Amino acid sequence: MALATVEALRFAYGNGDPVLRDVSLRLDEGEHVALLGASGSGKSTLLRALAGLVPHFHGGTFSGSVVVAGRDTRETRPSELAGTVASVFQDPEDQIVMARVANEVAFGLENVGTEPGEIWRRAEEALAAVGADHLADRVTAELSGGELQRVALASALALRPRLLLLDEPTSQLDPAAADAFFAVVERLDCAVVVSEQRPARPLAHAGRVLFMDGGRIVLDAPRDDALRWLHEHRPLYLPHEPELACRLRSVSFAYGENHVLDRVSLDVRHGEVVALTGPNGAGKTTLALIACGLLEPDAGDVAHGRAAYLAQDPGRHVVTEHVLDEVALGAGEARARGALAKVGLAAYASRHPRDLSSGERERLALAAVLALEPELLVLDEPTRGVDPDRKAELARLLRAEAPARGTLVVTHDLPWLAEVADRVVELGVREEARV
């Protein structure tokens with residue numbers, strides 16, 4: 001008997017148009033399924049239906065049937081499926097209940113009646129499996145988004161469910177942590193359905209692929225057949241290895257007798273924002289200068305494409321008498337106007353740069369490097385002297401611009417980098433997950 005069956009499922013939230021339209025599928029014990037499709041195609045709603053949250057938690061119009069482990073979800077509450085089904089959704093903050101991490105992971109085990117002597121052992125194992133055992137005694141309210149996501153994953157794994165539903169489970173994890181998580185998932189005996197907007201990892205681990213479009217399943221095939229279908233019909237969903245914007249291998253540098261960098265290696269890929277942190281004097285700015293070709297290393301290899309560098313206190317380097325001319329100096333007027341619009345300075349085109357505030361001059365300098373359309377953008381302390389609203393705008397801009405290039409950001413502003421970085425590298429310390 002199938003672990004789960006969906007028959008002619010049709011669902012609409014409230015009085016809206018159907019989000020799921022005549023969806024039918026069967027899930028067997030132990031199979032791993034990648035669920036792909038554009039935003040709004042119905043992926044999350046299908047996962048909620050398999051968890052019983054549709055129709056019990058999310059009201060609307062429901063027809064057809066969903067049966068999980070022999071229980072019809074129309075007659076079975078989600079709480080009754082707990083232990084059989086476990087879910088991790090995009091916003092981990094919405095799933096956290098307890099104040100302490102270890103208690104959070106133990107909470108679900110207690111609710112499904114796990115033997116008391118087993119609870120803490122399984123909670124510890126689950127935290128270790130997702131690389132979060134060091135968080136066990138932390139307060140959940142003080143965790144970053146990425147840390148919360150790993151705790152939510154651990155809480156689900158601790159239940160040892162028969163069906164694990166993952167909706168964008170690695171959206172706040174850096175590439176290394178995401179790879180580690182999927183390596184854990186691949187070893188699970190339970191059935192897994194994972195929805196991801198970044199399909200490379202689930203496609204690498206899944207044996208079966210579903211593709212949704214307009215609330216319908218338009219592809220249900222084994223992985224190899226699915227890859228051929230994606231190549232013909234949805235090539236953007238095929239896994240692609242991003243090109244390197246910058247590669248540093250065993251780079252060393254010294255100022256006289258002061259050895260600042262010792263055999264440092266770093267990759268920055270197109271599409272990612274890498275934050276470079278560390279204490280004063282660790283060599284962050286030196287490494288940034290080497291990365292974009294403004295400084296030659298004493299030893300090691302450096303390769304990069306067209307690079308642009310935004311220094312600390314860039315307002316000191318103004319050379320023209322008009323804002324537009326300052327940006328157009330290396331890029332031309334058309335690209336200059338576009339870059340000024342991106343940083344909110346379009347209305348200041350005819351102003352003298354010295355008449356701008358310090359924060360506005362920071363944005364002017366950013367516009368000047370963006371207008372160059374570099375393959376590698378290096379920013380050294382870009383939030384220095386910038387107010388919180390502008391910091392948030394800068395984070396949104398860098399995220400929006402990220403697909404166009406590789407971005408390396410030197411910063412001490414740890415709360416801000418949580419909004420922008422895909423990966424955090426601390427000089428002299430192991431690479432950290434996105435926080």
Side-chain angles (χ1 to χ4, degrees), residues 38-40 197 236 242-243 245-246 268-276 288 291-294 304-411 413 415-422:
S39 297
Q197 292 291 2
L236 293 179
E243 295 181 5
C246 176
V268 179
R269 298 187 179 277
H270 283 277
E272 71 171 344
V273 179
V274 178
L276 186 61
C292 61
L294 294 177
H304 58 78
R306 189 175 65 257
Y309 176 74
L310 181 61
Q312 297 183 37
D313 197 11
R316 294 187 301 172
H317 306 295
V318 170
V319 297
T320 70
E321 295 187 0
H322 296 93
V323 164
L324 179 60
D325 294 339
E326 188 69 26
V327 181
L329 195 61
E333 184 175 331
R335 284 196 287 176
R337 290 190 182 278
L340 285 171
K342 287 178 181 179
V343 301
L345 292 178
Y348 295 77
S350 61
R351 295 271 296 274
H352 194 293
R354 299 293 182 190
D355 292 336
L356 302 181
S357 69
S358 60
E360 289 166 343
R361 286 198 297 272
E362 296 277 350
R363 285 188 281 147
L364 172 60
L366 177 60
V369 293
L370 289 177
L372 297 173
E373 298 182 354
E375 297 172 76
L376 173 68
L377 176 62
V378 180
L379 308 177
D380 196 348
E381 296 291 354
T383 61
R384 182 173 175 267
V386 178
D387 65 74
D389 289 338
R390 291 302 181 188
K391 285 184 185 182
E393 289 178 7
L394 176 59
R396 288 192 292 269
L397 175 60
L398 292 179
R399 290 308 320 166
E401 290 278 310
R405 61 183 57 89
T407 305
L408 179 64
V409 182
V410 176
T411 183
D413 194 343
W416 176 77
L417 68 84
E419 304 176 42
V420 69
D422 296 299

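Predicted model only: the values in this text are computed from it and were never measured. In this chain, numbering begins with 1 at the start of the sequence shown.
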Given side chains that start at C-beta, do those of [X] and [Y] come closer than 4.5 Å, heavy atoms only?
{"X": "Leu397", "Y": "Leu370", "value": "yes"}
{"X": "Leu394", "Y": "Pro382", "value": "yes"}
{"X": "Arg399", "Y": "Asp422", "value": "yes"}
{"X": "Leu356", "Y": "Val323", "value": "yes"}
{"X": "Glu375", "Y": "His304", "value": "no"}
{"X": "Val378", "Y": "Leu294", "value": "no"}

Enter the distance from [X]:[atom1] to [Y]:[atom2] here, rounded to the nearest 0.5 Å.
{"X": "Leu329", "Y": "Leu372", "atom1": "CG", "atom2": "CG", "value": "9.5 Å"}
{"X": "Thr411", "Y": "Asp380", "atom1": "OG1", "atom2": "CG", "value": "9.0 Å"}
{"X": "Tyr309", "Y": "Leu377", "atom1": "OH", "atom2": "CG", "value": "11.5 Å"}
{"X": "Glu419", "Y": "Leu398", "atom1": "CD", "atom2": "CG", "value": "11.0 Å"}

Would you check if the side chain of [X] reaches a backbone N or O of [Y] as a donor-acceptor pair within less than 3.5 Å?
{"X": "Glu272", "Y": "Gly406", "result": "no"}
{"X": "Trp416", "Y": "Lys391", "result": "yes"}
{"X": "Arg306", "Y": "Glu373", "result": "yes"}
{"X": "His352", "Y": "Arg354", "result": "yes"}

Original post:
Checking side-chain contact (heavy atoms from CB on, under 4.5 Å) for the pair Leu417/Thr383: CA distance, chi angles, key distance, verdict?
Top reply: CA-CA 10 Å; Leu417 68 84; Thr383 61; over 6 Å; no
Distance-minimising heavy-atom pair for [X] and [Y]:
{"X": "Ala339", "Y": "Ala367", "value": "CB-O, 3.3 Å"}
{"X": "Ala331", "Y": "Ala371", "value": "CB-O, 3.3 Å"}
{"X": "Thr407", "Y": "Val268", "value": "N-CG1, 3.8 Å"}
{"X": "Ala288", "Y": "Val410", "value": "CB-CG2, 3.8 Å"}
{"X": "Ala307", "Y": "Pro374", "value": "C-CB, 4.1 Å"}

Original post:
With a 4.0 Å cut-off, would you call Glu401 and Lys342 a salt bridge?
Top reply: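 Answer for the salt bridge query: yes.
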